[in-house]
Peer 1: 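Take this structure, written in structure tokens, and hold onto it; I'll ask about it next.
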Protein chains: 2
Amino acid sequence: MAVTIKDVAKKAGVSPSTVSRVLSNHPRISTETSQRVKAVMEQLGYHPNIMAKSLVSKTTNSICVLLPKPAEELFSNLFFMELIRGIVTQANRSGYDVLLSSGVNEKEELEAVSRLLNGRRVDGAILLYSRKDDPVVDFLYEHKYPFTLIGRSENHHDILTVDTDNVQASYDATKHLISMGHERIGFVSGPPNLVVSQDRLTGYRNAMSDSGLQVRSEWIVEGEFLQESGYRAMSFFMNLPQRPTALVVVDDMVSFGVLRGLHELKFKVPEDLCLVSFNNIPLSELSTPPISSIDIGIYHLGYTASQVLIQSIQNDSVTGPMPKRHIIPHRLMVRESSTFAVSNK
Amino acid sequence: MAVTIKDVAKKAGVSPSTVSRVLSNHPRISTETSQRVKAVMEQLGYHPNIMAKSLVSKTTNSICVLLPKPAEELFSNLFFMELIRGIVTQANRSGYDVLLSSGVNEKEELEAVSRLLNGRRVDGAILLYSRKDDPVVDFLYEHKYPFTLIGRSENHHDILTVDTDNVQASYDATKHLISMGHERIGFVSGPPNLVVSQDRLTGYRNAMSDSGLQVRSEWIVEGEFLQESGYRAMSFFMNLPQRPTALVVVDDMVSFGVLRGLHELKFKVPEDLCLVSFNNIPLSELSTPPISSIDIGIYHLGYTASQVLIQSIQNDSVTGPMPKRHIIPHRLMVRESSTFAVSNK
DNA sequence: CCTCCTTGTGGAACCGTTTGCTTTTATCTT
DNA sequence: AAGATAAAAGCAAACGGTTCCACAAGGAGG
């Protein structure tokens with residue numbers, strides 16, 4: 001039914017191989033033939049069959065994005081949307097298609113990625129998260145498939161990675177609060193098995209101890225990247241005999257939860273509690289009050305992840321000295337939620 | 001390099017066709033052979049090459065999702081994220097992969113969709129939006145490719161469609177405000193070339209005239225599905241000599257803009273202005289105050305779109321009496337933003 | 001004038017599966 | 001015991017391209 005290379009060949013009075021060469025701009029095709037063939041292709045409405053091409057070229061010009069298990073449970077959705085926007089934009093620019101894939105648990109994830117990569121349906125993968133001891137990472141690593149990790153791996157140091165310097169970012173956020181006179185600063189963390197949670201916690205600790213401030217264990221609470229976690233953390237902190245005056249919060253979405261809780265309890269932000277969080281999703285400047293947030297360039301992160309992945313796919317033989325770790329710069333966006341200075345003693 | 005069906009065949013001492021039949025659970029393969037072959041596959045780490053399979057079966061088990069031109073300009077991102085979540089979840093459940101595709105303008109969009117469908121890379125498409133006179137719709141329609149439209153088409157009535165009854169939804173929203181005693185009700189609309197904008201406007205008009213209320217032309221303003229539009233609409237309305245006491249807003253994101261503007265001008269919601277909007281994205285209950293919104297079941301919309309598309313792909317020969325238009329029920333979520341009753345005269 | 005390149009094109013094998021048809025082998029009938 | 005029937009497996013031709021190799025024709029070099 002569909003018009004094939006042979007139909008074109010017959011109509012143009014040449015062989016299929018010639019048509020194929022016209023398609024790939026082979027140098028040894030006369031301009032005359034080339035034009036004639038192209039005219040016929042146009043006339044017949046010919047479109048190359050991508051599957052057939054992939055079969056012989058062993059390359060698909062597409063990559064897949066692995067969504068974290070239940071996409072709704074991790075991070076804030078806007079974060080992923082931004083990431084995916086960046087990835088798709090860059091990939092399309094490089095002539096690649098993007099395939100979305102997810103699994104409901106680690107086993108399914110692994111099956112999906114195995115099917116896609118072993119089945120030669122995609123040329124590489126992007127992982128949107130970095131967990132500790134991730135079996136998917138191990139799988140990709142062992143099979144030597146091209147892939148990019150957004151975040152960093154603790155086990156392998158020689159894999160492609162696009163990341164924020166989360167330790168530094170958290171250090172900056174904390175220092176910002178300290179510079180406003182805050183000394184009792186709490187930290188609302190994410191799931192402990194996510195590398196990002198750890199890194200941000202480390203930055204916070206470093207900033208505190210560099211400033212000679214003590215970190216009380218009850219000032220650190222763990223949760224998910226969800227509003228509910230923020231809500232819970234908030235009520236925990238506000239019930240403490242000695243409340244913190246400021247919070248570093250691991251994700252904007254969590255901050256929204258904190259904010260909602262404070263509002264319900266009639267606390268005022270930033271007067272009663274200052275907040276700084278991470279990611280600077282498009283909504284963080286929209287909340288009341290607007291939240292100070294570390295802009296980590298989510299779109300840029302995705303864009304770069306796609307870029308380095310595709311580069312590595314195309315250079316797999318060259319294996320030049322390609323940098324493995326890419327750090328996207330971050331920037332603190334100071335907004336109303338952290339603009340209350342306290343004077344101590 | 002990769003282990004193929006022939007390697008398995010040789011090692012198991014059977015022919016490639018037998019291996020293939022084992023793969024597809026062909027009835028006339030003895031259990032003994034089947035088990036032996038499966039063991040060899042396991043042992044060799046065999047994975048079927050999806051491209052080769054697609055080439056002969058002329059089916060790819062994947063669909064593509066067409067993102068609106070510049071994804072960032074239309075609608076709120078969370079809306080699309082939810083839609084995509086629904087689509088990917090359902091598609092994966094049905095054994096389909098999802099490919100994301102976008103173009104920066106209509107021409108590029110058309111090229112992308114033509115490449116994917118004419119090139120037989122995907123079996124069908126989902127359009128996330130419905131514009132008036134969309135060339136992409138015409139393309140798909142003329143080529144008889146399976147596709148689903150989220151929204152509805154004005155030109156073609158016999159295409160697969162998953163939609164909210166936006167006229168009714170908007171009617172409900174408006175009636176809700178009227179029942180609270182509001183009579184001066186404004187409407188913040190979206191881009192006029194989007195069918196959804198029109199439908200919601202129609203519902204609003206119907207509700208108003210059914211209640212004997214007049215619609216003043218200055219009470220309707222058009223914009224984009226962006227916060228900025230809400231902000232602008234708000235300042236327009238609040239500068240009117242006779243201000244509306246309530247607003248029906250075409251999208252939650254736009255409501256956020258209205259809210260921000262009102263907050264800046266020290267107006268109170270809902271006392272000074274009541275708000276109802278559409279879509280009920282996860283954040284609308286989080287804003288201060290929480291926004292009343294029509295829940296249109298975004299995830300469900302996406303889920304269903306994928307479901308009917310895949311059904312139609314698989315039944316393309318049967319062509320039974322498949323319903324073309326699917327309506328997802330909506331529900332008004334009343335929250336603080338619309339809970340201020342006014343008494344008239 | 002003969003050989004040797006170069007240029008442009010055709011022929012055919014191959015990429016990894018599926019599947020209609022055929023062959024082989026085993027199981028019944030009578 | 002022989003022919004019929006059914007079950008199991010093999011053969012080979014696709015699917016729609018790409019690409020190595022061969023080959024013809026024309027021009028250059030000796």
Side-chain angles (χ1 to χ4, degrees), chain A residues 1-38 40-41 44-62 114-123, chain B residues 1-41 44-62 95 114-123:
Chain A
M1 7 226 70
V3 19
T4 78
I5 218 171
K6 288 173 193 163
D7 302 325
V8 176
K10 189 174 296 176
K11 180 120 183 174
V14 295
S15 75
S17 18
T18 300
V19 178
S20 172
R21 282 190 260 258
V22 168
L23 237 30
S24 54
N25 284 324
H26 189 103
R28 294 210 314 211
I29 291 287
S30 68
T31 24
E32 188 224 353
T33 311
S34 169
Q35 284 178 349
R36 183 159 40 97
V37 170
K38 277 179 182 158
V40 174
M41 295 195 309
L44 256 44
Y46 168 76
H47 292 268
N49 182 310
I50 306 184
M51 295 299 162
K53 178 183 285 192
S54 290
L55 181 56
V56 34
S57 71
K58 290 178 181 313
T59 180
T60 63
N61 271 69
S62 53
S114 155
R115 189 175 54 84
L116 291 173
L117 282 133
N118 284 328
R120 298 289 182 276
R121 177 175 211 108
V122 299
D123 299 337
Chain B
M1 9 224 72
V3 20
T4 79
I5 219 171
K6 288 174 193 163
D7 302 325
V8 175
K10 189 174 296 174
K11 179 121 183 174
V14 295
S15 76
S17 20
T18 301
V19 177
S20 172
R21 283 190 255 259
V22 168
L23 237 30
S24 54
N25 284 323
H26 188 102
R28 293 213 311 215
I29 291 288
S30 68
T31 25
E32 189 225 352
T33 310
S34 170
Q35 284 177 349
R36 182 159 42 96
V37 171
K38 277 178 182 158
V40 174
M41 294 194 311
L44 257 45
Y46 168 76
H47 291 269
N49 182 309
I50 306 184
M51 296 299 162
K53 178 183 287 194
S54 291
L55 180 57
V56 31
S57 70
K58 289 177 180 313
T59 179
T60 64
N61 271 69
S62 52
S114 155
R115 189 176 53 83
L116 291 174
L117 281 131
N118 283 328
R120 299 288 183 276
R121 176 174 214 114
V122 298
D123 300 337

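As the structure is a computational prediction, the values presented were derived from the model and not from experiment. Residue numbers start from 1 in every chain, and the chains themselves are labelled A, B, ... in the order their sequence lines are given, proteins ahead of strands.
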Peer 1: So what does T4(A) touch, heavy atoms closer than 4.0 Å: a base, only the sugar-phosphate, or nothing?
Peer 2: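 Sugar-phosphate contact only.
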Peer 1: Please pick, from dG8(C), dA9(D), dG16(D), the nucleotide with the shortest atom-to-atom distance to any side-chain atom of L55(B).
Peer 2: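 Per side-chain heavy atoms of L55(B), the pick is dG16(D).
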Peer 1: May I ask you to verify if any side-chain N or O of S30(B) is less than 4.0 angstrom from the OP1 or OP2 atom of dA9(D)?
Peer 2: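 Answer yes for this pair, as a side-chain N or O of S30(B) is under 4.0 Å from OP1 or OP2.
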Peer 1: Rounded to whole Å, how long is the line connecting atom CG of N118(B) with atom P of dG17(D)?
Peer 2: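 One finds 12 Å between P of dG17(D) and CG of N118(B), rounded.
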Peer 1: Could you say whether Y46(B) or S15(A) is positioned toward the 5' end of DNA chain C, judged by the nucleotide with the nearest heavy atom to each?
Peer 2: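 Checking each residue's closest nucleotide, the 5'-ward one belongs to S15(A).
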Peer 1: Describe the nucleic acid contact of R21(B) in one word from base, sugar-phosphate, nothing, applying a heavy-atom distance below 4.0 Å.
Peer 2: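 Base, at least one base atom sits under 4.0 Å.
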Peer 1: Rounding to an integer number of Å, can you tell me how far N49(B) CG sits from dG17(D) P?
Peer 2: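 For the pair N49(B) CG and dG17(D) P, the rounded distance is 17 Å.
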Peer 1: Rounded to the nearest 0.5 Å, how far apart are OG of S54(B) and CG of D123(B)?
Peer 2: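 These two atoms lie 7.5 Å from each other.
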Peer 1: Among dA8(D), dG10(D), dG8(C), find the nucleotide with the atom closest to the side chain of T33(B).
Peer 2: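 Selected nucleotide (nearest to the side chain): dA8(D).
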Peer 1: Could you state the atom-to-atom distance from NZ of K53(A) to P of dT17(C) in whole Å?
Peer 2: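 Roughly 21 Å, once rounded to whole Å.
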Peer 1: Would you say a side-chain N or O of S20(B) is under 4.0 Å from OP1 or OP2 of dT18(C)?
Peer 2: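 Checking S20(B) against dT18(C): at least one side-chain N or O falls below 4.0 Å of OP1 or OP2.
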Peer 1: Want to settle it: does K6(B) or V14(A) sit nearer the 5' end of DNA chain C, counting the closest nucleotide to each?
Peer 2: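 Result: V14(A).
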Peer 1: Using whole Å, report how far CG of D7(A) lies from C1' of dG17(D).
Peer 2: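 For the pair D7(A) CG and dG17(D) C1', the rounded distance is 13 Å.
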Peer 1: Please report, rounded to the nearest Å, how far the P atom of dT18(C) is from the CG atom of N61(B).
Peer 2: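 Going from N61(B) (CG) to dT18(C) (P), I get 12 Å.
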Peer 1: Do the side-chain N or O atoms of S17(B) get closer than 4.0 angstrom to the phosphate oxygens (OP1, OP2) of dT19(C)?
Peer 2: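 For dT19(C), OP1/OP2 do not have a side-chain N/O of S17(B) under 4.0 Å.
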Peer 1: In whole angstrom, give the distance that lies between atom CG of N25(B) and atom C1' of dA8(D).
Peer 2: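 So the CG-C1' distance, N25(B) to dA8(D), works out to 16 Å.
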Peer 1: For V19(B), which of I5(B), V40(B), D7(B) qualifies under side chain to side chain contact (heavy atoms under 4.5 Å, CB included)?
Peer 2: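 Answer after filtering I5(B), V40(B), D7(B): I5(B).
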Peer 1: Can you tell me if K58(B) touches the phosphate of dG16(D), counting only side-chain N or O atoms and a distance under 4.0 Å to OP1 or OP2?
Peer 2: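 For dG16(D), OP1 or OP2 has a side-chain N or O of K58(B) closer than 4.0 Å.
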Peer 1: Identify whether any heavy atom of H26(A) sits under 4.0 Å from a base atom; if not, whether one sits that close to sugar-phosphate; answer base, sugar-phosphate or nothing.
Peer 2: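 Nothing: the residue H26(A), judged by heavy atoms under 4.0 Å, touches no strand.
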Peer 1: State, yes or no, whether a side-chain contact exists between R36(B) and V22(B) at a heavy-atom distance under 4.5 Å.
Peer 2: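 Side chain of R36(B) against side chain of V22(B), heavy atoms only: no contact under 4.5 Å found.
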Peer 1: Atom CD of E32(B) and atom C1' of dA9(D): how far apart are they, to the nearest Å?
Peer 2: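 Going from E32(B) (CD) to dA9(D) (C1'), I get 12 Å.
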Peer 1: To the nearest 0.5 Å, what is the distance between CZ (R121(A)) and CG (N61(B))?
Peer 2: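 It comes to 7.0 Å.
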Peer 1: Starting at the 5' end of DNA chain D and moving along, which residue's nearest nucleotide shows up first, T18(A) or A52(A)?
Peer 2: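 Final value for this comparison: A52(A).
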